[in-house]
Amino acid sequence: MPRRRTVGMSNLSDEILLCILRHVPVCDLLTNVAPVCQRLQTLCRDKSLLAHVCLTEEYTMDDQTVRHTLRQLSNHVQSLSLSGVYWLNSSAVDSVGRCKAVTRLDLSGCRMTASRLSRLVASLPLLRSLAFDVQPGFDAGKLAGEAVDRLSRLAELRQTLLTPSYGVVPCCAQLRDSFLHNPLPEISVRHLQRLDSSSFVPQDVDIHQQKPISYMRRFVNQTLLLLYLAVFSVHVPERLRVFLVSVPGPNPARWPTAPSLAQSLGLRGDLEALQFPRSWLDSSSLKQALEGTSPKHLSFSRCPVFRSLLEGGVRDASRLLSLNLSGINHAPYSEGRGAEDQLLPANMSRLASCCVNLRHLNLMNTHYHHEHAAALPPATPHLCASLAKLRHLRSLTLPACALSDGMQSHLCAAQNSSSLLLRGLKKLPRVGVQNYKVAVGDSTLGISHLAAGCLSMEALELIGPGFVSALPRLEPCTRASVEPRGMCAWARGVGDAHLAALGGFRRLRRLTLAGLPGVLRGTGLAHLVTRCKDLQMLSLANIGTLKIMNYNASLLEALRNCSQLRELRLEQPYLNANSSFFDALSCCSRLQRFCLISRNGSFEGAAAESFVERCGRLVMCHMFTGGTLVACRNLQKTLLDRFSSERPGLSAVIYPIQQEDLPSVIRDIPLTLLDGITLFQSHVAQPPHLSPW
């Protein structure tokens, strides 16, 4: 018998090895892989691997590693991103000046002063694109003359404003693409262009394969909002492709220029993304904006209607990839709504038929009640049956009431159960996790159809209408009462059987369940995670009754089976983070980010410390509970003192949620962690990332 020839790494071609090396972090590539042999050393310095380097989320890099890596990249890298590397010291950031060939530089999230920025910009002669944070105390007047000269040659600028400021925009005389973003609740402006050196007004630009040029969102100060938008009353950019304005809370006063701007967008026919406040546009204006266009991203969040998409003469609806319909019926549930504000079965069916290539759909803060009554035509499809036609759908946000078979059946079942219990004809449930069997019935057929049709689903958010997080991203923090007010009664019909049916989405990687009061013991959750083996992100908020933690046993069982979990967010008023909880959580060996929010909950410090030790990849531990300030500070100090040396990017924030200075603590948390997991928000069909980074 001839001996079989073994094939190793040395037998692979250079092309195959380069494809493999592209998945290796650049720090490991240069430090651990390159010294192995001469061939790998040559391949690791290939231009295709080192020309564009992104060090984002490389949490194990310390200052010395970054300096060593940048020293070796100095003559190769052209595009460098340190976005979100918030733990670096000033000396490591200064090492960026060694990379003389850099043309694109992203320092978002890094601590940056005017003097440090001046030194960096002056040392990079080829720099044409810059991103950084404007922090309190930043003074553009301290920039050196050489730095101002280099800034005047920038073509692109991206600034995150952590203080009211224009940053370095006045220095950028040749700026073509500008990004001004303030994540704080004052003002946020993106892609405001300069027409000349004396005024800030939109300008026509056409870069990066026809990228859109105007992007504005999340204004809270309405006076400043109208001030910034006043330029559109004078001049509307010829190639304006994206116009997004979002105002949390009450709708702003009507903007008189909105209808004319909408008409201008429609006439040009190159609209890519659109979002206006509810009070700015009526059906006819929205129809004019969509006529003759073939948009890829549309956001009708809190806009009057979405039927304009169907009746507005869209040139090619099949090009639409992302659609945000969140809050189109934003009024409280108890208030009446017009028929055009509802998610009507016929409209949703037409939407699924014309937008066949839709990949991301957000229906958060909407209501869909599929009545099993004679009033509906017999052929009226259920919402899930319509959405099942979207074969390319990858991410979806659904209102919980859309999965319910009606509030009457749930209420009657609850009343009968209480009556039998009082009469002594029904036994109390045993303590512990019950053996769960998937119930096959009409109540979960919608989920089954959706799972069978949308085989590519990777992200699913099921959020009850009326749900308000204790730490929201866009809405102001409100201390709601124990039982949620305004909760849709139909959402109470979604229970354990529905959660178990979600296990039909076998490729699911991100799952959010929030505001589901109908869940009893959480047995459906334990069944779900055993079928979704690739689940990487799990967010649970206000599951079951809020007066007690009624699904604790099922939660612990589910955590023991989440071997691939990397992010976990738990929000429950009475969650007790004891040793049993942290023991189960320690089974998630790949966990990187953990956030716990429990207004009346508690924690065991020793168990939490042991959990962080056992999960060696954990770099974020945020806990906002009802614990005392002393206990929280002691645990936070212990975690930072013990693990910061081996985990440079560790972010440990332990704080009582009812302390008055909580907002100041939140502001000190790195923005990349706030947006990613700490503050609750939907991540489906959000405004497209217009930046090339």
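No hydrogens, no waters, no symmetry mates; every other heavy atom, side chains included, goes into these values.
No donor-acceptor pair under 3.5 Å is formed between the side chain of R569 and the backbone N or O of L540. Checked by atom type and distance alone, the side chain of N362 pairs as donor or acceptor with a backbone atom of V684 at under 3.5 Å. Although no hydrogens or angles enter the test, the distance criterion places no donor-acceptor pair under 3.5 Å between the side chain of H449 and the main chain of G446. Remark: the backbone N or O of Y574 is not paired with any side-chain donor or acceptor of N600 at under 3.5 angstrom. Without hydrogens or angle criteria, T628 side chain to A631 main chain gives a donor-acceptor distance under 3.5 Å. Judged by distance alone, the side chain of S404 and the main-chain N or O of A400 form no donor-acceptor pair under 3.5 Å. For S598 (side chain) and Q572 (main-chain N/O), a donor-acceptor pair under 3.5 Å exists by modelled atom type. In this structure a side-chain-to-backbone donor-acceptor pair under 3.5 Å is present from H382 to A402.
In this structure, S395 OG and R359 CZ are separated by 10.5 Å, a value rounded to the nearest 0.5 Å. The OG atom of S349 lies 10.0 Å from the CG atom of L387; values are rounded to the nearest 0.5 Å. Note that CG of L358 and CZ of R391 are 14.0 Å apart. Values are rounded to the nearest 0.5 Å. Note that OG1 of T366 is 8.0 Å distant from CE of M348, once rounded to the nearest 0.5 Å. Going from atom OH of Y368 over to atom CG of L403 covers 11.0 Å, rounded to the nearest 0.5 Å. Atom-to-atom distance recorded for L575:CG and F581:CZ is 5.5 Å, nearest 0.5 angstrom.
Pairing each heavy atom of C401 with each of P465, the nearest pair is SG-CG, 3.9 Å. Shortest non-hydrogen contact noted between T444 and A497 is CG2-O, 3.7 Å. Shown here for L629 and Q659, the closest heavy-atom pair between the two residues is CB-NE2, 4.3 Å. Nearest heavy atom pair, residue I447 against residue C384, reads N-SG, 4.4 Å. Closest approach of M364 to S682, counting heavy atoms only: SD-CB, 3.7 Å. Considering every non-hydrogen atom in both L662 and I657, the closest pair reads CD2-O, 3.3 Å.
At least one side-chain heavy atom of D496 sits under 4.5 Å from a side-chain heavy atom of V519. Within the 4.5 Å cutoff, the side chain of L502 has no heavy atoms near those of the L508 side chain. With a 4.5 Å cut-off on side-chain heavy atoms, I597 and M623 do not count as touching. Q536 places none of its side-chain heavy atoms less than 4.5 Å from the side chain of R590. At a threshold of 4.5 Å between non-hydrogen side-chain atoms, the residues N324 and Q686 count as touching. The closest side-chain heavy-atom distance from Q564 to K533 is not below 4.5 Å. No side-chain heavy atom of S651 sits less than 4.5 Å from a side-chain heavy atom of R593. Within the 4.5 Å cutoff, side-chain heavy atoms of L450 are placed close to those of L398.
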Decide side chain to side chain contact (heavy atoms under 4.5 Å, CB included) for M537 and I677; before the verdict, give the C-alpha distance in whole Å, the side-chain angles of both, and the deciding distance to 0.1 Å. CA-CA 10 Å; M537 193 284 292; I677 182 171; 6.0 Å; no
Verdict with reasoning, L565 to V529, per side chain to side chain contact (heavy atoms under 4.5 Å, CB included): CA-CA 10 Å; L565 198 63; V529 298; over 6 Å; no
Going through the distances and angles, do F603 and C632 end up as a side chain to side chain contact (heavy atoms under 4.5 Å, CB included)? CA-CA 9 Å; F603 63 86; C632 291; 3.9 Å; yes
Go through C454 and L396 one step at a time and tell me if the side chain to side chain contact (heavy atoms under 4.5 Å, CB included) criterion holds. CA-CA 10 Å; C454 304; L396 173 66; over 6 Å; no
Salt bridge (charged side-chain N to carboxylate O under 4.0 Å, His left out) between R394 and E458, intermediate numbers included: CA-CA 5 Å; R394 295 182 181 178; E458 296 181 355; 5.5 Å; no
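Note: H369 and W490 have parallel aromatic rings, judged against thresholds of 30 and 60 degrees for the angle between ring planes.
A donor-acceptor contact closer than 3.5 angstrom is absent between the side chains of H392 and S456.
Residues that satisfy the side-chain hydrogen bond (donor to acceptor under 3.5 Å, both in side chains) test with D661, not counting sequence neighbours, are Y655.
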